[in-house]
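Okay, structure first, notes after.
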There are 2 protein chains.
Amino acid sequence: MSGQITAYSDNPEVDRLVNELIGRVADKWTLLVIEALEEGGEQRFSALARAVPGISQKMLTQTLRQMERDGLVQRTVHPVVPPHVDYRLTDLGESLAAAFCGVWHWAEQNLQAVAAARAAYDARG
Amino acid sequence: MSGQITAYSDNPEVDRLVNELIGRVADKWTLLVIEALEEGGEQRFSALARAVPGISQKMLTQTLRQMERDGLVQRTVHPVVPPHVDYRLTDLGESLAAAFCGVWHWAEQNLQAVAAARAAYDARG
DNA sequence: CCGTATCCGCCTTGATACTG
DNA sequence: CAGTATCAAGGCGGATACGG
């Protein structure tokens, strides 16, 4: 195999599902939540809200629900008052974080290259 | 380096820029265009329109412009009538395609796991 | 053939207020 | 504390028509 870059499926239906899944999972907030959970480990709702600057309560709830449904995070409710809810990455979630590491690394490495390309493009008009 | 998962920058400003860049680049159409160019090599506008099913002319143009500005694709205009324009991935674009390969692979590998997680979640209500 | 321009519906998002 | 409900606003994306 020594799989080169083109490791994409040859099944159009699978391609469609994969694209759909990536679209769901590569969402801006999902990415940030994954990063927060990866860095901070298991933590509660309010901690996540602080760890992801700019996110609204609504979007955090929505994002966490989707991630839970997709099996990326585990939600644990401690039946106390006031309520205490913890979130942590599942193994599946961790594996996604690892997969995204490549993209993250690329972005870090090429921030300047992209900035330069934009400057050059804009300069030409 | 045998870099572990947490390779994220410790600089918040860089984090912000990286997130922004990923948000831009992880766009649904961008992903599909990258895949099409990766698989089909250099090709013209109309070929891409066929290679990316469901994309509108507007979105294809918009996506290609952004990718060009970000230095991901090179646009070559052949001054003939009728017009003939070719698009190809730059080295930067190829490197991004390679980086996304991990996510693509993850999605392929875990389609079923996600589907199962969803089914379980929905079953519980 | 390869775009740009315009209009328009819809879906996402944010702000705010309220509940267990 | 951890949500849900509601509403208004903005942007994304599609369809269409037209220009170089």
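Computed from heavy atoms alone, side chains included, the values below leave out hydrogens, waters and symmetry copies. Letters A, B, ... mirror the listed sequences (proteins, then strands); counts begin at 1.
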With respect to the phosphate group of [N], does any side-chain polar atom (N or O) of [X] fall under 4.0 Å of OP1 or OP2?
| X | N | value |
| --- | --- | --- |
| A:R75 | D:dG3 | yes |
| A:R44 | D:dC1 | no |
| A:S46 | D:dA2 | yes |
| A:Y87 | D:dC1 | no |

For atom CZ of A:R69, is the number of surrounding heavy atoms from other residues, nucleotides or ligands below 6.0 Å larger than 12?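 Check passes, neighbour count above 12.
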
So, the side chain of A:D27 versus the backbone of A:W29: is there a donor-acceptor pair under 3.5 Å, distance only?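 Yes.
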
Quick check: does any side chain N or O of B:E68 sit under 3.5 Å from a backbone N or O of B:T63, one acting as donor and the other as acceptor?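 Flag not set: sc B:E68 to bb B:T63 has no pair under 3.5 Å.
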
Whole angstroms only, please: what is the [atom1]-[atom2] distance between [X] and [N]?
| X | N | atom1 | atom2 | result |
| --- | --- | --- | --- | --- |
| B:W29 | D:dC12 | CH2 | P | 15 Å |
| A:L32 | C:dT13 | CG | P | 12 Å |
| B:L64 | C:dT4 | CG | P | 10 Å |
| A:I55 | C:dA15 | CD1 | C1' | 15 Å |
| A:M59 | D:dG10 | CE | C1' | 14 Å |
| A:Q57 | D:dT4 | CD | P | 10 Å |
| B:R65 | D:dG13 | CZ | P | 17 Å |
| B:D86 | C:dC1 | CG | P | 14 Å |

Minimum-distance nucleotide to A:T61 side chain [options: C:dG3, D:dG14, D:dT4]: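 Minimum distance to the A:T61 side chain belongs to D:dT4.
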
If you assign each of A:P83 and A:K58 to its closest nucleotide in DNA chain D, which residue comes earlier from the 5' end?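 Comparing both residues, the 5'-ward one is A:P83.
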
Distance in Å, B:Q74 CD paired with B:L89 CG, rounded so as to fall on 0.5 Å steps: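 So the gap between those two atoms works out to 11.0 Å.
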
Return the CG to CD distance between B:L37 and B:E94, rounded to the nearest 0.5 Å.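 Spacing of CG (B:L37) from CD (B:E94) equals 9.0 Å.
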
On DNA chain C, nearest-nucleotide positions of A:P82 versus A:D27: which is more 5'?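 Residue closer to the 5' terminus by nearest nucleotide: A:D27.
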
